[in-house]
2 protein chains.
Amino acid sequence: MRWTPQRRSVVAALSGASGHVTAAELVERCRDQDPTTTPSTVYRTLDVLEELGLVRHGHGADGREEFHVQPAVEHGHLYCSACGGRWEIAEGQAQAVVAAFASVDGFEVDLSHMTVVGVCGACARAGGR
Amino acid sequence: MRWTPQRRSVVAALSGASGHVTAAELVERCRDQDPTTTPSTVYRTLDVLEELGLVRHGHGADGREEFHVQPAVEHGHLYCSACGGRWEIAEGQAQAVVAAFASVDGFEVDLSHMTVVGVCGACARAGGR
DNA sequence: GGCCTTATTGCGCATAGTTGCAATAAGCGC
DNA sequence: GCGCTTATTGCAACTATGCGCAATAAGGCC
């Protein structure tokens with residue numbers, strides 16, 4: 001694999017981003033560094049980085065792509081359709097969920113891929129949806 | 001609300017579609033009936049129909065929008081990243097999953113909104129990922 | 001049946017993401 | 001350091017989706 005300046009740029013933008021980034025945001029960030037950055041290069045670099053296992057992509061509540069640097073622990077995401085809040089699925093909770101899915105046909109869920117939508121406890125108590 | 005021919009067209013295309021359809025597919029179908037159909041009209045009609053509660057949208061494994069006619073029972077979707085299979089989450093399974101999410105902070109999951117990705121039992125046993 | 005209000009449409013443009021292809025340049029071998 | 005192979009890039013065009021706005025027409029009112 002060739003270590004080109006534009007790849008450096010993408011990786012730099014990625015690590016400079018805390019948590020999750022949209023592909024579009026990444027393009028933005030890269031352009032801040034180097035205005036000649038082309039979107040397609042960023043997208044393709046992301047694909048490569050993903051193949052290498054350096055990053056993972058998922059989809060936000062609106063289905064848009066989001067990337068996050070591969071963390072030590074896999075983590076899913078929750079989105080509250082009432083308050084718009086987003087947060088990570090707690091460890092224990094994740095295990096319970098994985099177990100729940102596995103219980104039927106041994107389906108091994110990858111919670112990190114998609115944002116799970118619903119109403120958070122606070123909003124639910126406040127009157128829900 | 002005005003019952004225009006183009007809305008009829010969209011609804012017809014929707015009911016003619018078994019299960020789930022992509023917005024793009026819907027545009028196609030409408031064009032089959034009436035070649036003058038404009039994409040934006042279809043998208044907007046879908047928004048309206050959703051407000052009325054006639055259809056629901058969710059996101060496939062790739063984050064693309066998918067619509068399904070509001071069924072009697074809410075149902076989530078599973079996607080196997082190994083074999084590409086897709087199927088609905090079984091009733092009991094759904095309950096277990098909802099309970100698992102609720103257990104921590106009372107989060108009320110809406111499983112129907114996003115496709116859950118993972119590896120199905122068969123593929124997992126056959127060697128996983 | 002004709003008129004008027006205003007919800008809808010259709011057009012043109014904008015954004016997010018993707019792809020084909022020719023031009024470019026990384027990194028290997030010498 | 002030089003040249004060669006071929007992975008990568010950049011461009012341009014394209015799909016999916018969404019938005020603003022002026023033109024159109026649905027449906028209520030008379």
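We name chains A, B, ... by the order of the sequence lines, and we start the count at 1 in each one.
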Note to self: Testing A:H20, A:E50, A:H68 one by one against A:H57 for a side chain to side chain donor-acceptor pair (under 3.5 Å), which residue passes?
What the structure shows: A:E50
Next item on the list: Using atom CZ of A:R29 as one end and atom C1' of C:dA16 as the other, report the distance to the nearest whole Å.
Entry: 18 Å
Next item on the list: Let me know, please, whether A:T36 or B:A23 comes out on the 5' side of the other along DNA chain D by nearest nucleotide.
Entry: A:T36
Notebook entry, point to check: Under 4.5 Å between side-chain heavy atoms, hopping through other hydrophobics if needed: is there a path connecting B:V119 to A:V97?
Noted result: no
Next item on the list: Check the pair B:H59, A:H59 against ring pair (Phe, Tyr, Trp, His ring centres under 6.0 Å), reporting the backbone distance first and the verdict last.
Entry: CA-CA 9 Å; B:H59 299 275; A:H59 299 275; 8.3 Å; no
Notebook entry, point to check: Does CD belonging to A:E28 count more than 12 external heavy atoms closer than 6.0 Å?
Noted result: no
Notebook entry, point to check: What one-letter contact string describes nucleotides 23-30 of chain C from 5' to 3', where B marks a base within less than 4.0 Å of any protein heavy atom, S marks contact via sugar-phosphate atoms alone, and - marks no contact?
Noted result: --BBS---
Check: Run the salt bridge (charged side-chain N to carboxylate O under 4.0 Å, His left out) check on A:E66 and A:R86 step by step: do they pass?
Finding: CA-CA 13 Å; A:E66 279 185 353; A:R86 318 163 113 282; 3.0 Å; yes
Next item on the list: With the side chain of A:R7 defined as its heavy atoms from C-beta on, choose the nearest nucleotide among D:dT9, D:dT17, C:dG17.
Entry: D:dT9
Note to self: Are A:L78 and B:V104 connected into the same hydrophobic cluster when the rule is that any two of I, L, V, M, F, W, Y join if their side-chain heavy atoms are below 4.5 Å apart?
What the structure shows: no
Note to self: What is the separation between atom CZ on B:R8 and atom C1' on C:dT8, rounded to the nearest whole Å?
What the structure shows: 14 Å
Next item on the list: Taking the side chain as every heavy atom from C-beta outward, state whether A:W87 and A:C120 have any pair of such atoms under 4.5 Å apart.
Entry: yes
Note to self: Determine whether a donor-acceptor pair (N or O, by modelled atom type, separation under 3.5 Å) exists between the side chain of A:R31 and the backbone of A:T37.
What the structure shows: yes
Notebook entry, point to check: Heavy-atom contacts under 4.0 Å between residues 39-68 of chain B and DNA chain C, which residues?
Noted result: B:S40, B:T41, B:R44
